[in-house]
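Being a predicted model, the structure only gives us computed values, none of them experimental. For the numbers below, each heavy atom of this structure counts, side chains included, while hydrogens, waters and symmetry mates do not. Below, chains carry the letters A, B, ... as their sequence lines are ordered, and counting in each starts from 1.
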Amino acid sequence: MLETAYLRNHPDEARKRLAKRNIDAEGLLAHAAELDGQRRTAQQALDNELAAMNDQARAVGELMKAGKREEAEAAKARSAALKETITGLKEALATAEKALDEHLWTIPNTPQERVPSGKTPEDNVTVMQQGNIPELPAGAKPHWDLGAEYGLFSLEDGVKLTGAGFPVYHGQGAKLQRALIAFFLDRAIAAGYAEVMPPLMVNADSAFATGQLPDKEGQMYHATADDLYLIPTAEVPITNLFRDTIVEAAQLPIKRVGHTPCFRREAGSYGKDVRGLNRVHQFDKVEIVRIEAPADSNAALDEMVDHVKGLLDALELPYRQLLLCGGDMGFTSAITYDMEVYAAAQGRWLEVSSISNFETYQSNRLKLRYRGTDKKPHLAHTLNGSALALARIVAALLENNQTPGGIRIPKALEPYTGFAMIVKK
RNA sequence: GGAGAGGUGGCAGAGCGGUUGAAUGCGGCGGUCUUGAAAACCGCUUUACCCGCAAGGGUAACGGGGGUUCGAAUCCCUCCCUCUCCGCCA
């Protein structure tokens, strides 16, 4: 959530940045300012009464010690008299705080200056494109056909076991999953990210701190018996590792990488978007997470983008980099680049990575601070990005590399798969 | 799942219901001393919010929430967590 101090001290900047979202920035911020004012008024009133009560309570003790019974009783009475007002003021403050918080939760992060305004994916800006769009042989097939033909994965098996959107990988398809995961992890580790293997379920506090709750409750699988959520991305557990912490500036940047399966309900998705591996309820992903001092976070973002480009280059996939417009960005992000790969048989670009700088939006909820040179705690910046998401990478790999003699594995992956071609059994 | 013990500051560990945000020790920071270091000695050492240009002042927090009381780290209720033992088990 946004910081009230920021909104108070830089109202014009906040309004200007938020306007890119294609929402009623003016109205949202005006209401926030109003609620913030009410909260502060309530707090002042309460604090004054509490101070008065503390004075009296202290006096009771001193008078008793001095043996002045009657005066002590009088002080007791004065203190007790304040009680009712205090109870009322406490409730007033709690109400004001709740109203402010709940309103702040509805305000998305403020996009950076360079983020284009816009409403829909149409308004996203293609920053760069790289790699050759492959010429496919006659009779080339989309990955879901290839998956069946080569026995690499089965959605039907998943339906039997679980339901739609839970692929079962077999044989070389399963090995390819492991190979990609290991490859991505190794590359991230080589780039200085420390590996984490977190739990796949988190509590509500964690889901709240990274912003999945309360906004996207319906997107997560919820194990109600224990009130735990299946993670939609490793971002949630990994970032929450740093909830309620103050790190020294010297410890920054903090760089973590983790592989986890990701679980998404994807309620409301339909059509060609969900064919094959394009959109599934469970997929594997390697996620990189960084915690940075504010001055360094944008450079870190560029570094993360370069890292992902390196992976896509190594996989020999044609890809492009998109700068998302204000209307298409995630709720909690200040700037997001999407990386898309071209799946030649479908003739579509598939999003395989989303790399974002959240600035202080997450850390404010996380209470993640760093101690600056002024020795005082400040909110840190958090960033994360997929590096990379598996299912769609597999889709593109299969489609683009199909040949009459089988499906070719990129050179960089061979040491991990142990085979250079996927062949029919 | 059953029985018992316990949750206090970065760590360890005190804390008759009344100047206790909290003794003491360790650690950390600054200083004295020293050619330098160590030792010794002295001082400092949580966070959030509010008022204030600042100096400074106020409020809150001893696992979470609620209650008793003029006053709660200290008493009561409840939830969570940790440890020990038993059971079950990858």
Any-strand Watson-Crick or G-U partner of B:rA5, both distances under 3.5 Å: B:rU82
Give me the distance, rounded to whole Å, that separates B:rG13 from B:rC62 when you measure between the C1' atoms they each carry. 14 Å
Starting at the 5' end of RNA chain B, which residue's closest nucleotide do you reach first, A:K375 or A:T4? A:K375
Under 3.5 Å, side chain of A:R369 to main-chain N/O of A:K367, donor-acceptor pair present? yes
Separation of B:rA48 C1' from A:M1 CE (nearest whole Å): 14 Å
Expressed as a whole number of angstroms, how long is the span from A:D244:CG to B:rG64:C1'? 13 Å
By nearest heavy atom, map A:H378 and A:A77 onto RNA chain B; which one lands nearer the 5' end? A:H378
What is the nucleic acid contact for A:R58, judged by heavy atoms within less than 4.0 Å: base, sugar-phosphate only, or nothing? nothing
Complementary nucleotide for B:rC41 - Watson-Crick or wobble, under 3.5 Å: B:rG31
What does B:rA14 pair with, Watson-Crick or G-U, if both distances are under 3.5 Å? none
Check the surroundings of atom CD in A:Q251: do more than 12 heavy atoms from other residues, nucleotides or ligands lie under 6.0 Å from it? yes
Can a side chain N or O of A:R40 be found less than 4.0 Å away from OP1 or OP2 on B:rC51? yes
Without decimals, in angstroms, what is the distance between A:N203 CG and B:rC79 P? 19 Å
Is the CE atom of A:M197 crowded by more than 12 outside heavy atoms at less than 6.0 Å? no
Of all the choices, B:rC49, B:rA48, B:rU59, which nucleotide is nearest to the side chain of A:A51 once you look at every atom? B:rU59
Scan A:I246 against the nucleic acid and name what it touches under 4.0 Å (heavy atoms): base, sugar-phosphate only, or nothing. sugar-phosphate
Look through every strand shown and name the nucleotide pairing with B:rA60 as Watson-Crick or G-U wobble, where both distances are under 3.5 Å. B:rU47
Measure from CG on A:D55 to C1' on B:rG58 and round the result to the nearest Å. 11 Å
Using a heavy-atom cut-off of under 4.0 Å over every strand shown, decide if A:R69 touches base, sugar-phosphate, or nothing. nothing
May I ask you to say what A:K83 touches in the nucleic acid, namely base, sugar-phosphate or nothing, with a heavy-atom cut-off under 4.0 Å? base
Span that lies between the C1' atom of B:rG43 and that of B:rG6, in whole angstrom: 36 Å
Taking any strand in view, what nucleotide pairs with B:rU68 in a Watson-Crick or G-U wobble way, both distances under 3.5 Å? none
How long is the line joining CG of A:N9 and P of B:rC53, in whole Å? 12 Å
What's the closest nucleotide to the side chain of A:R371 if the choices are B:rU46, B:rG71, B:rA60? B:rU46
Determine the interatomic distance between P on B:rC29 and the same-named atom on B:rC83; round to the nearest Å. 32 Å
Using Watson-Crick or G-U wobble geometry with both distances under 3.5 Å, which nucleotide pairs with B:rA22? none
Rounded to whole Å, please give me the gap between CE in A:M64 and P in B:rC16. 20 Å
C1' gap between B:rU78 and B:rC26, integer Å: 37 Å
Could you label the plane-to-plane angle of the A:Y169 and A:F153 rings as parallel, tilted or perpendicular, counting under 30° as parallel and over 60° as perpendicular? tilted
Only one of A:R114, A:E359, A:E303 passes side-chain hydrogen bond (donor to acceptor under 3.5 Å, both in side chains) with A:N298, and that residue is A:R114
Over all strands shown, is A:A75 touching base, sugar-phosphate only, or nothing at heavy-atom distances under 4.0 angstrom? nothing
Integer-rounded Å distance: B:rG63 P and A:D205 CG: 17 Å
C1' gap between B:rA22 and B:rA14, integer Å: 10 Å
Under a 3.5 Å cut-off for both distances, is B:rG52 Watson-Crick or wobble paired, and to whom? none
Whole-angstrom distance between B:rC80 and B:rG21, as gauged at atom P: 31 Å
Minimum heavy-atom distance between A:P237 and A:I231, given as atom pair plus value: CD-CG2, 3.7 Å
Exactly one of A:R243, A:E235, A:H381 clears side-chain hydrogen bond (donor to acceptor under 3.5 Å, both in side chains) with A:Q362, and that residue is A:E235
Mind calculating the distance between CZ (A:R39) and C1' (B:rA60) to the nearest angstrom? 13 Å
Can you tell me how far C1' in B:rU82 sits from the matching atom in B:rU19, rounded to whole Å? 35 Å
Taking the minimum atom-to-atom distance to the side chain of A:D47, which one of B:rC49, B:rU59, B:rC70 wins? B:rU59
OP1 or OP2 of B:rG58 under 4.0 Å from side-chain N/O of A:N54: no
Under-4.0 Å salt bridge between A:R58 and A:E62: no
Quote, to the nearest angstrom, the P distance that separates B:rC42 from B:rC33. 16 Å
For B:rU47 and A:R369 - does any side-chain N or O of the residue sit under 4.0 Å from the phosphate oxygens OP1/OP2? no
Record whether the side chain of A:Q44 comes under 3.5 Å of the base of B:rC50 through a donor-acceptor pair of N or O atoms. no
